[in-house]
Amino acid sequence: MSDRPRYRFAPSPTGFFHVGGARTALYNWALTLRTGGTFVLRIEDTDESRNSPEWTQGIIDALSWLGIDSSHPQFEGPYFQSHYAEQHKAAAMRLYEAGHAYWCDLTPEQVQERAKESGKPGYDGYSRDRGLEPGPGRVLRFKVPSGVTVVKDLVRGDVEFSNDTIEDFVLLRSNGSPMFLLANVVDDIEMTVTNVVRAEEHLPNTPKQQMLWEALGRTPPMWAHVPVLVNEQRKKLSKRRDKVALEQYKEEGILPDAMVNYLMTLGWAPAGDEEIVPWARIVDEFRLEDVNHSPAFFDVKKLSAFNGDYIRAMPLDTFIDACAPYLATGHWPADRFDQQVFNSVAPLVQTRVATLSEVPTMVDFFFLADADINEDAWNKTMSSDFAKDVLSDYCAALQTCEWSHDPLKAALETWTESRGLKLGKTQAPIRVAITGRTVGPPLFESIEIMKKDEVIRRLNSALARLS
RNA sequence: GCCCCCAUCGUCUAGUGGCCUAGGACACCACCCUUUCAAGGUGGCGGCACGGGUUCGAAUCCCGUUGGGGGUGCCA
């Protein structure tokens, strides 16, 4: 066994992959990479109600999307907690035999009842000294020793828990199956985990787990509890209320690099004034000691801003490739899509989107049989007194105009100046007639890319609607 | 209720006793550029929760208050 640190990420497969889990995984991965350690993936699937094979694959896929590749030499696993039930039970029995645990025949209802009567919540240690033998309907409880448990946490420092505030918790259910606290510790011991980096919600569990490590005769790992991610109401991100599925962001065209970079700046910041930094630098600089102590708001707007930055930084052909899946689901007839046309506008699109899913809408007019005219845009631009004239005069000018954006622009400029107007105004009706919207890629560059017949047809069609 | 954690612009953060008249980023606003919208550039708005200490000196250390969060299962 080497003295390299062994980190671990231990999600339970409850549906889709959570952005909070993603950040925890990334913290562990960055640390693994820098320290030359190992990243152990363990699927905590002991609760049968939340267990499904495709969810496990979902976790592996999500990690891989984030750049945590299961074939990387520093990656180990996945292990499945459910496969280790025998070890968990054996450890529980060792604890019992060593006097660290005892059987209790109280049902959850009875425990609750006693708590109600005494006015003190939780289990009161009723069976501690009753010397019960194992039997049906009996749970095994840990005998919490007296004293104080000090959790040494890399993020928070020493956290003290008075043991008398901790009840004798259940190790084995009445059906004999092991509980999370036990399973988690036994697995960490078996997998020789040395560093546990997880979300703050586990902090109250930690003294219990540390007692288990000690009762099992082991030295507890280094703990680190990172702050939770919260929503706008400052509540822990929840899959019921909040948009937390990594998959969903992926579908919207958030780039993995942007997601990774953004997630890493939640609770931590790289040195200097820039927060958009390459992963290699993050690996180099990330320290648990520097992680903030307070919850961080997962801000989709800022994520988008990061993403826009990453999109603009892409080489053009990479951007074009990245757009392909989004273009494939465009709302135009499939046979009208023209890759060459898209390639020509791509540079103009690249600076105008924050996510890839915005791309199809921005270029749809090239591929639709007719421009999809937005009514507000039409009403706003076609009501001007020059709308009809500019449409018809420009249409006429196009017949002889050289088909290149400069002359295309010059033609309209000449007309505009002759009327004492501004190009910003006069291009509007033309833009709406051709693209259907008031905003979009630069007009003359777009016209240049389109077929002359088609442009003229759309201008005439607008003209017909006007009169 | 009990236990634990936390507290710098609206948000994410820098800051580890003097470099702070508190820096950056997102958002917002204005201007510049400009064929729309973006992008880019320039500038602006805006913060150390409060009260006590400690100290020559506190955003930084201590105590309290208030406010937020997490946990409190025969879930993980």
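Please read all numbers here as calculations on a predicted model, not as lab measurements. Quick note on labels: first sequence line is chain A, next is B, and so on, each numbered from 1. As a basis for the values below, the full set of heavy atoms in this structure was taken, side chains included, without hydrogen atoms, waters or symmetry mates.
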Exercise. How close or far is atom C1' of B:A76 from atom CD of A:Glu44, stated in whole angstroms?
Worked result: 7 Å

Exercise. How far, in whole Å, is B:A22 from B:C50 if one measures between their P atoms?
Worked result: 15 Å

Exercise. What is the nucleic acid contact for A:Leu106, judged by heavy atoms within less than 4.0 Å: base, sugar-phosphate only, or nothing?
Worked result: base

Exercise. Rounded to whole angstrom units, what separation is found between the CH2 atom of A:Trp268 and the P atom of B:U11?
Worked result: 22 Å

Problem set entry | 5'-most by nearest nucleotide on RNA chain B - A:His293 or A:Ser174 | A:His293

Exercise. How far does CG of A:Leu26 sit from CG of A:Asn261, to the nearest 0.5 angstrom?
Worked result: 10.0 Å

Problem set entry | Same-atom distance (C1') from B:C20 to B:U8, integer angstrom | 12 Å

Exercise. Side chains of A:Asn307 and A:Thr355: donor-acceptor distance under 3.5 Å anywhere?
Worked result: no

Problem set entry | First of A:Glu275 and A:Leu172 reached from the 5' end of RNA chain B, by closest nucleotide | A:Glu275

Exercise. OP1 or OP2 of B:A14 sitting under 4.0 Å from any side-chain N/O of A:Asn292?
Worked result: yes

Exercise. Roughly how far apart, to the nearest Å, are B:U42 and B:G24 at atom P?
Worked result: 12 Å

Exercise. Taking NZ, NE, NH1 and NH2 as the nitrogens, is one of them in A:Arg281 or A:Glu274 under 4.0 Å from a carboxylate oxygen of the other?
Worked result: no

Seminar exercise, completed: If pairing means Watson-Crick or G-U wobble with both distances under 3.5 Å, then the partner of B:A7 is B:U66

Seminar exercise, completed: So side-chain hydrogen bond (donor to acceptor under 3.5 Å, both in side chains) across residues 418-431 of chain A, not counting sequence neighbours, yields A:Asp389-A:Arg419, A:Thr416-A:Thr426, A:Gln427-A:Arg431

Exercise. Out of B:C12, B:C74, B:C4, which has the shortest distance to the side chain of A:Lys302?
Worked result: B:C12

Exercise. Considering only B:C6, B:G70, B:A25, which nucleotide approaches the side chain of A:Glu201 most closely?
Worked result: B:G70

Problem set entry | Pair A:Asp188 + A:Arg42, salt bridge at N-O below 4.0 Å | yes

For this session: Drop me the distance from A:Leu171's CG to A:Leu95's CG, to the nearest 0.5 angstrom.
Result: 5.5 Å

Problem set entry | Sugar-phosphate, base or nothing in reach of A:Arg141, heavy atoms under 4.0 Å | sugar-phosphate

Exercise. Roughly how far apart, to the nearest Å, are B:G15 and B:A7 at atom P?
Worked result: 14 Å

Exercise. How far does the C1' atom of B:A38 sit from the matching atom of B:C48, given to the nearest Å?
Worked result: 36 Å

Which pairs of donor and acceptor atoms, one on a side chain in residues 294-306 of chain A, lie under 3.5 Å apart (sequence neighbours left out)?
{"from": "A:Asp299", "atom 1": "OD1", "to": "A:Lys301", "atom 2": "N", "distance (Å)": "3.0"}
{"from": "A:Lys302", "atom 1": "NZ", "to": "A:Glu275", "atom 2": "OE2", "distance (Å)": "2.8"}
{"from": "A:Ser304", "atom 1": "OG", "to": "A:Val300", "atom 2": "O", "distance (Å)": "3.4"}

Exercise. Can you tell me how far P of B:C26 sits from CG of A:Asn261, to the nearest Å?
Worked result: 12 Å

For this session: For B:C3 and B:U65, measure between their P atoms and round to the nearest Å.
Result: 13 Å

Exercise. For atom P, what is the distance between B:A76 and B:A27, given to the nearest Å?
Worked result: 42 Å

For this session: Report the residue from A:His202, A:Arg156, A:Glu200, A:Arg198 that forms a side chain to side chain donor-acceptor pair (under 3.5 Å) with A:His225.
Result: A:Arg198

Exercise. Going from CZ on A:Phe80 to CD1 on A:Ile43, what distance comes out if it is rounded to the nearest 0.5 angstrom?
Worked result: 5.5 Å

For this session: Measure from the side chain of A:Glu167, starting at C-beta and using heavy atoms only, and say which of B:G73, B:G70, B:G23 lies closest.
Result: B:G73

For this session: State which of B:G1, B:C3, B:G71 makes the closest approach to the side chain of A:Phe161.
Result: B:C3

Problem set entry | Under 3.5 Å side-chain donor-acceptor pair for A:His88 and A:Asp187 | yes

Tabulate atom names and distances for all N/O pairs under 3.5 angstrom spanning the protein and nucleotides 48-51 of chain B.
none

For this session: Could you tell me whether A:Ala428 contacts a base, only the sugar-phosphate backbone, or nothing, with contacts defined as non-hydrogen atoms closer than 4.0 Å?
Result: nothing

For this session: Could you please name the partner base of B:C2, counting Watson-Crick and G-U wobble pairs only when both distances are under 3.5 Å?
Result: B:G71

Identify the pairs formed between an N or O of the protein and an N or O of nucleotides 59-69 of chain B at a distance under 3.5 Å, and give each distance.
{"from": "B:G69", "atom 1": "OP1", "to": "A:Lys235", "atom 2": "NZ", "distance (Å)": "2.5"}

Exercise. Which part of the nucleic acid does A:Gly122 contact within heavy-atom distance under 4.0 Å: base, sugar-phosphate only, or nothing?
Worked result: nothing

Exercise. With sugar-phosphate meaning primed atoms plus P, OP1 and OP2, does A:Thr426 contact a base, only sugar-phosphate, or nothing at under 4.0 Å between heavy atoms?
Worked result: nothing

For this session: Can you tell me the pairing partner of B:G17 across any strand shown, Watson-Crick or G-U wobble, with both distances under 3.5 angstrom?
Result: none

For this session: Quick one, give me the B/S/- string for nucleotides 34-43 of chain B, reading 5' to 3', where B means a protein heavy atom under 4.0 Å from the base and S means that only happens at the primed atoms, P, OP1 or OP2.
Result: -BBBBSS---

Exercise. Strictly by modelled atom types, are A:Ser404 and A:Asp406 linked by a side-chain donor-acceptor pair under 3.5 Å?
Worked result: no

Exercise. Would the A:Trp415 and A:Tyr394 ring centres measure less than 6.0 Å apart?
Worked result: no

Problem set entry | Sugar-phosphate, base or nothing in reach of A:Val139, heavy atoms under 4.0 Å | base

Problem set entry | Contacts of type salt bridge (charged side-chain N to carboxylate O under 4.0 Å, His left out), residue A:Glu375, not counting sequence neighbours | A:Arg465

Exercise. Using 4.0 Å as the upper bound for N to carboxylate O, is an ion pair formed by A:Glu86 and A:Lys89?
Worked result: yes

For this session: Compare side-chain N and O positions of A:Arg173 against OP1 and OP2 of B:C75 and report whether any pair is under 4.0 Å apart.
Result: yes

